[in-house]
Each structure stands twice: as C-alpha cells, then as structure tokens.
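Quick notes on the structure that follows.
Chain letters run A, B, ... following the sequence lines, proteins first and then strands; every chain starts at 1. Please read these numbers as outputs of a predicted model, since none were measured by experiment.
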2 protein chains.
Amino acid sequence: MALPPKKTSSTSPSAVSMADLARELGVSMTTISRALSDHHSIGAATKQRVLKLAKKLNYQPNHLAAALRRGQSRLLGVVVPYIEGKFFPSVIQGIEQAASKAGFSVIVCQSHENVELERRNVETLLNAQVAGVLVSLARNTQEFHHFDKVRSRGIPLVFFDRIPAGEQVNSVVLNDHEGALQATRHLLEQGCRRVAHLAGPQHINIYRHRRQGYLDALAAFGIAPDEALIDYSDMTTEDGAAAMRRLLALPNPVDGVFAAGDSAILGAMQLLKSKGISIPRDIALAGFSNEGFTAITEPRLTSVDQRCEEMGEAAVRLFLELAAAPHAPFAQRQVVLQPELFVRESSLQRQP
Amino acid sequence: MALPPKKTSSTSPSAVSMADLARELGVSMTTISRALSDHHSIGAATKQRVLKLAKKLNYQPNHLAAALRRGQSRLLGVVVPYIEGKFFPSVIQGIEQAASKAGFSVIVCQSHENVELERRNVETLLNAQVAGVLVSLARNTQEFHHFDKVRSRGIPLVFFDRIPAGEQVNSVVLNDHEGALQATRHLLEQGCRRVAHLAGPQHINIYRHRRQGYLDALAAFGIAPDEALIDYSDMTTEDGAAAMRRLLALPNPVDGVFAAGDSAILGAMQLLKSKGISIPRDIALAGFSNEGFTAITEPRLTSVDQRCEEMGEAAVRLFLELAAAPHAPFAQRQVVLQPELFVRESSLQRQP
DNA sequence: TTGTAAGCGTTATCAT
DNA sequence: ATGATAACGCTTACAA
C-alpha cells in the first residue's frame with residue numbers, strides 16, 4: 001500500500017485535483033474529465049470508479065480553471081438599480097431559482113440609479129467572465145454603448161423591466177400598458193370621473209407605457225385627457241405628496257388618482273389623510289408594483305402586481321436560449337408578462 | 001444608436017492579452033505584468049509605455065487567469081437569509097461599498113432561511129474561489145460544519161448579525177442587548193408597568209440578547225419578570241397578532257409591548273387596532289430593526305435601528321484584516337456596533 | 001474506449 | 001530592471 005505523503009492535514013488549503021484522481025486510479029486526466037462531465041466516450045465501469053473515488057476524496061471541481069479554459073464561467077451577471085423594496089428582490093429570487101436549476105450561479109450588482117456605476121458594473125461582470133448579463137436599467141441611463149462590449153464578445157444580453165428605448169434588444173417586460181389600463185378602468189368603474197395620473201420619467205419604457213394605459217382607459221370611457229391632471233416626477237413618496245397637494249389646489253377637484261408607482265401613491269395617501277380627505281370616498285387611489293406596504297396602509301392600497309418571479313425566470317430562460325444558439329439570428333426576442341390588479345380598499349365602494 | 005455590435009472585427013470574442021502587449025512593445029510578458037500591477041522592479045519609462053499601450057488597445061485583465069494562478073479571486077461571497085425588507089439590502093450596500101473600495105466584487109447568495117441551501121451556497125462560493133465569505137445564518141442553522149471547509153482552506157470567514165452559538169468566530173454584531181434595553185427602558189419611562197415581550201427563537205444570538213436586554217431593563221426598574229408576558233415565536237406578522245391576542249386575554253392586562261422584530265410588532269398593532277384599543281394610550285409599542293414600514297403605520301412605530309451599512313462595512317474591514325494576516329492568530333475578532341432607538345408615536349405620551 | 005499534449009492568461013521563480 | 005519559463009487545473013483536438 002502506497003504511503004500517502006499527506007493525508008488530510010487539517011490546514012491543507014489545496015484541494016484535490018483531477019490529476020490526483022488520475023494518479024490514484026492509474027488512468028489519464030482525460031478519462032477523469034470525461035467521467036466527471038458525463039461525456040459519452042467513457043466506459044460505464046470506469047466512470048463509476050472515478051465517481052466513487054471523487055466522492056471519497058471529496059473532489060471539488062475548480063470552476064475557475066474550467067472557465068479559463070473554456071473562456072467562460074458558469075456565472076450569470078445581474079445589474080439592477082437597487083435591491084430595496086419588493087420588486088427587485090423577487091425578480092432576483094426568480095433568477096436565482098432558474099439559474100441554479102441550469103447550473104449557474106448569480107452575481108448581483110446594484111447601479112444605484114447611476115449610469116456611471118452601471119457602466120462599472122458591466123465591466124466588473126465582463127472581467128468575471130460571466131456567461132450572460134441580465135440588466136434592468138438605471139433611471140438616468142439614456143445611452144447604451146456600455147453594453148456594446150457585452151454583445152461584441154458574444155455574451156447573451158437580456159434586459160428586463162427597464163429596457164433601452166428605441167433599440168432592438170432581448171427583453172422581458174411586464175405589459176405595463178395593460179396594468180395601467182386595468183387599474184385606471186377599475187377606478188372609472190368605481191365611479192371616478194376625474195382621475196389624475198402620477199407619471200414617472202417618460203424616457204423610461206415602463207412609465208411611458210403606464211401613462212399610455214391610463215390615457216387609453218380614459219378614452220375607452222369617453223373621457224378627454226387633461227394634461228393638468230398628469231404629474232411628472234421621480235415617483236418618490238415626497239413627489240407623490242407634492243403632486244397630490246398640487247392636484248388638490250385645482251379648481252375642479254379630482255376624485256381618483258392612479259400612480260405609476262406605489263411610493264408615489266403612498267405619498268399622495270399620506271397627504272390626503274393629513275388633510276382629512278377620505279379615501280376612497282372623496283378620492284380613490286391605485287398604485288403600481290404591489291409593494292409590501294400596500295397591504296398595511298389604512299385603507300390598504302389597490303395596486304398592480306408585476307409577476308416579479310416570473311420575470312426573473314423568463315429572463316433566465318431567454319438567456320439559456322441565446323446561449324444555446326451561439327450565433328443567434330439577428331432577431332431579438334421579446335417576452336411580455338401579464339400583470340394582475342390587486343384590488344383593495346383604497347379604491348372600493350365609490351358607487352354604493 | 002448602438003445597434004450593430006460590429007466595430008472592429010465584428011465577432012471578436014477574444015480580448016487583448018498581456019502577450020499581445022508584450023509582442024507589440026517587444027518586451028517580455030513579465031515586464032507587462034509588472035507594469036500593470038505596479039511592481040517596484042520596473043522602469044518608470046517602460047511602465048508608462050505599457051500603460052499607454054494598454055489603454056490604447058483597451059486591454060482588460062483576465063481575472064479568471066489571475067485567480068487561477070494565485071489560487072484566489074477578487075470576489076467576496078456573501079450569504080444572507082433573504083434580501084427583502086430593509087436590513088439585509090442595507091448591509092449588502094455597506095459591503096459592496098467597502099469591498100469595491102478595496103477592489104473586490106461581491107457575490108450574494110440567499111439561504112432562504114434554509115440550512116440546506118446555506119450549505120450549497122457555501123459550496124458555490126468555494127467553487128467560485130472567493131477570497132472571503134461573509135455570512136448571516138439561516139434561522140434553522142444550529143450546526144456549523146459546512147463552514148469548516150472555508151476555514152480549512154484558509155479563507156477568511158466573517159459572520160454578521162446572526163452568528164453561530166457557542167463558537168469562537170470572527171463576527172460583527174449589533175449590541176442587541178443594549179438596543180432592547182433602551183427600547184424597554186423607554187417604554188417604562190413612558191409610564192408602562194406591565195411590558196410584554198415578543199421574543200424570537202432563543203437559539204439565535206440576536207433574539208436571546210434582545211430578550212435579556214428586555215429583562216435587564218425591567219430589573220433596573222425593580223419590576224419582576226413574568227414568563228407569562230413573554231411570547232416565543234418566529235416573529236412573523238401573524239405570530240405578532242396571535243401573541244397580542246393571547247396577551248389581551250390575560251387577567252392582568254399589559255400596557256406595553258416590546259417586540260424583537262418589526263414584523264411582529266406590526267402584527268400586534270394591527271390586532272390592537274382591530275379591537276379598537278388605542279396606541280399608545282392603552283398599550284404602547286416598540287419594535288426592532290427600524291424597517292421602512294415603521295414610518296408609515298399609524299401611529300408610526302418606535303423601533304431600534306441596527307446600523308445596517310456600518311455592519312456591512314465593518315464586516316469587510318474585518319475580512320480585509322484577516323486576509324492581510326495570512327496565518328492569523330488563533331484569536332477571533334468581535335466587532336460590536338451600537339444601536340440607536342428611533343422614538344415615534346407608538347410609544348409616546350403615556351404619562352401626560 | 002482511452003491517452004497525449006497543447007493550451008487558456010496570469011503570476012512567480014529563477015536567472016541575467 | 002528585464003527576461004525565460006514553469007506552473008495553476010481544466011478542456012479538447014488528435015492519436016492510438
């Protein structure tokens with residue numbers, strides 16, 4: 001019996017490699033590699049021997065080496081504006097689930113709504129040799145050259161939720177138009193006749209579509225749009241309160257508000273309550289995103305749910321398809337998910 | 001705009017390497033490496049030439065190769081129970097900031113409060129050859145052997161917030177005892193005399209310490225502890241409501257509640273409001289974590305802030321120290337942060 | 001079915 | 001101050 005130079009010396013930083021297995025078994029490294037990666041050209045018996053020894057010696061593959069050799073890792077890079085709130089964590093959750101199922105790990109970067117950081121994040125991910133990049137754009141990203149390098153290296157690039165304007169890209173988005181349409185229609189069905197809209201920056205697809213959904217719902221009810229009832233902002237809670245204050249000062253008062261985001265509608269709600277205005281009796285409210293806090297305000301807030309996890313899963317599925325087709329056709333793929341309106345007390349019983 | 005990715009050689013997936021620079025400049029790769037990594041043995045002039053060419057050719061270092069060669073990447077692995085809510089995103093934010101400053105990227109994994117997933121996450125991180133591992137334990141982790149491999153490979157291991165019980169580890173924690181003490185003392189100072197406590201699982205350090213802080217505050221006011229006033233649960237909103245219902249049924253009613261988490265105190269608040277019990281007049285409330293929603297409930301909730309970002313930064317600092325001392329002394333380092341009580345209406349004006 | 005050997009792009013150890 | 005060269009651990013033509 002061969003005397004092992006070192007057994008498991010407790011502070012052995014070096015793991016067991018394929019070479020070790022090969023030596024131990026008296027076969028070549030090729031055989032080991034094939035056995036471990038389930039290659040077809042390998043004898044069943046040999047494979048078993050290798051697998052057994054690998055388990056016994058607790059062999060751990062060095063993914064770095066494999067990635068270097070193959071020119072690509074099993075890492076999936078994700079860039080999001082932020083991870084607070086409910087939306088992005090849930091999307092990431094969906095991504096992780098789907099990615100892990102396909103044998104990929106996920107590395108998440110935040111752009112903090114800052115193009116410059118977004119640019120650096122993309123560099124970081126490329127340096128890590130990620131196999132793919134999934135992005136939801138920062139608020140102020142209006143120029144997209146930092147993604148050229150991703151494409152030119154042939155790395156699958158998928159945008160989700162906030163996608164580039166006027167570009168042909170692979171994307172997964174919610175049908176924001178439909179969500180806004182449903183929410184606004186719901187307010188109208190509850191008896192509202194002067195519905196205001198708290199809109200986000202219009203260079204961002206989601207906010208543009210939500211505004212259009214709002215307008216189309218009005219049109220369907222034969223109501224003429226009124227720009228005075230549309231407030232444009234960054235949709236923070238403060239923005240929502242300020243907008244509400246402005247709307248209250250209007251000669252002809254509003255009786256409903258649909259906001260393109262939950263923070264804004266929260267701000268509006270807080271202002272209304274501070275003024276003693278009843279919700280939904282005097283003014284009905286509906287938001288967008290179905291954030292966690294919509295269920296704890298009083299009254300609870302009606303809001304459009306965004307199918308967060310589905311979005312993450314869909315983004316990964318799209319990535320996998322792109323990765324499977326090395327020199328993919330020029331056509332970029334779009335996936336559109338259907339929203340769901342969660343009706344709560346902030347918008348109910350307007351017409352008894 | 002940036003539609004076609006064909007700039008130079010349209011489908012050139014291969015980046016420029018150090019060998020390319022060397023050839024171009026007629027020097028050796030060693031020189032290139034030295035110039036780029038700011039080694040001391042290098043002529044200033046040569047260095048400039050290399051740097052200039054590198055910039056011109058847009059050289060991007062292949063971190064994978066460097067990591068393989070050095071046996072370690074510039075990635076920092078983080079394992080957290082979940083990323084929803086405010087606490088973990090903020091900690092991660094602190095980690096990213098500090099890590100990026102030190103030239104590290106961060107890869108985040110969620111254990112979803114599941115040891116089995118936590119175990120797999122650790123494996124994933126090791127496979128990615130992370131330079132360090134930062135962990136906050138899952139709720140049901142009571143056995144810590146899956147971290148042995150991290151240590152035995154000589155990879156710095158730092159726990160934060162939820163740390164292993166009865167083990168000597170490097171850790172960054174909040175002074176939970178002090179936070180609970182402050183919150184409970186505050187309730188007592190507001191005139192409460194029968195303060196209940198919604199406690200979390202006692203095998204988790206933070207909940208154990210919060211309970212002790214609660215007890216010590218009572219003792220400081222000469223109040224005998226009463227186990228009937230302590231409710232043990234997983235601290236969800238539902239748990240909080242159920243606990244409150246139980247407390248209300250007590251013959252001798254409580255006049256204050258301190259919960260070891262904000263979700264639980266939220267549940268308690270919702271139940272009290274549904275029963276028409278006035279907060280804080282009849283019962284004063286205080287929670288722990290200073291979650292975002294504590295500022296939007298009515299009344300707003302008093303809560304203990306956990307210095308989330310500082311915790312992240314401290315964890316990275318600790319990692320960097322450990323990484324700097326290759327064969328560190330046996331002593332493990334502890335960092336303790338001081339909490340801050342945010343007093344809001346849910347606990348005020350009990351004694352007019 | 002199995003083996004040989006040439007890299008992948010760096011860093012590190014020599015020597016010059 | 002610079003260079004030649006050998007690893008790091010794995011994949012993959014190409015041979016046998």
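Annotation for B:Leu125 and B:Val78: closest pair CD1-N, 4.1 Å, computed over non-hydrogen atoms. Residue A:Leu68 comes nearest to B:Asn62 through the heavy atom pair CD1-ND2, 3.9 Å, listed as atom of the first residue, atom of the second, then distance. For the residue pair A:Ala67 and A:Ser73, the shortest heavy atom distance occurs at CB-CA, 3.6 Å. Between A:Ala165 and A:Phe144, the shortest heavy-atom contact is N-CZ, 3.7 Å. Nearest heavy atom pair, residue A:His146 against residue A:Val122, reads O-CG1, 3.6 Å. In terms of heavy atoms, A:Gly132 sits closest to A:Phe319 at CA-CE1, 3.6 Å.
Between the CE atom of B:Met18 and the C1' atom of C:dG9 there is a distance of 8 Å, rounded to whole Å. The distance between atom CG of A:Leu64 and atom P of D:dG9, rounded to the nearest whole Å, is 11 Å. For the pair A:His63 NE2 and D:dC10 P, the interatomic distance rounds to 9 Å; values are reported in whole Å. A straight line from CZ of B:Arg23 to P of C:dT10 spans 12 Å, rounded to a whole angstrom. In this structure, the CD1 atom of B:Ile32 is 16 Å from the P atom of D:dA1, given to the nearest Å. Spacing between atom CG of A:Asp20 and atom C1' of D:dG9 amounts to 10 Å, rounded to whole angstrom units. Going from atom CG of B:Leu36 over to atom P of D:dT2 covers 14 Å, rounded to whole Å. In this structure, B:Leu21 atom CG and C:dT11 atom P are separated by 12 Å, rounded to whole Å.
Shown for residues 39-48 of chain B: no residue has heavy atoms falling under 4.0 angstrom of DNA chain C. Heavy-atom distances under 4.0 Å link DNA chain D to A:Tyr59, A:Pro61, A:Asn62 of residues 50-62 of chain A, given in residue order.
Proximity note for A:Leu68 (side chain, C-beta onward) versus C:dT11, C:dC8, D:dC8: the nearest is C:dC8.
Between B:Gln60 and A:Glu123, some side-chain heavy-atom pair lies under the 4.5 Å cut-off. Counting heavy atoms from C-beta outward, A:Glu84 and B:Gln93 have side chains that stay 4.5 Å or more apart. In this structure the side chain of B:Asn170 never reaches within 4.5 angstrom of the side chain of B:Leu157, judged on heavy atoms. The closest side-chain heavy-atom distance from A:Ile155 to A:Leu126 is below 4.5 Å.
Shown here are the side chain to side chain contact (heavy atoms under 4.5 Å, CB included) partners of B:Leu320, two or more places apart in sequence or in another chain: B:Ala102, B:Phe104, B:Val316. Partners of B:His63 by side-chain hydrogen bond (donor to acceptor under 3.5 Å, both in side chains), not counting sequence neighbours: none found.
An angle of 40°, rounded to 10°, separates the two end axes of the helix from C:dT1-D:dA16 to C:dT16-D:dA1, each defined over five pairs.
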All N/O pairs under 3.5 Å across the protein-nucleotides 3-6 of chain C interface:
{"unit_1": "C:dG3", "atom_1": "OP2", "unit_2": "A:Ser28", "atom_2": "N", "d": "3.0"}
{"unit_1": "C:dG3", "atom_1": "OP2", "unit_2": "A:Ser28", "atom_2": "OG", "d": "3.2"}
{"unit_1": "C:dG3", "atom_1": "OP2", "unit_2": "A:Thr31", "atom_2": "OG1", "d": "2.4"}
{"unit_1": "C:dG3", "atom_1": "O6", "unit_2": "A:Arg34", "atom_2": "NH2", "d": "2.9"}
{"unit_1": "C:dT4", "atom_1": "O4", "unit_2": "A:Thr30", "atom_2": "OG1", "d": "2.5"}

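A salt bridge does not link A:Lys101 to A:Glu313: none of the charged side-chain nitrogens sits closer than 4.0 Å to a carboxylate oxygen. A salt bridge links B:Arg119 and B:Glu116; the closest N-O separation between the charged side-chain nitrogens and carboxylate oxygens is under 4.0 Å.
Contacts of A:Ser17 with the nucleic acid, taken as non-hydrogen atoms under 4.0 Å apart, involve only primed sugar atoms and P, OP1 or OP2.
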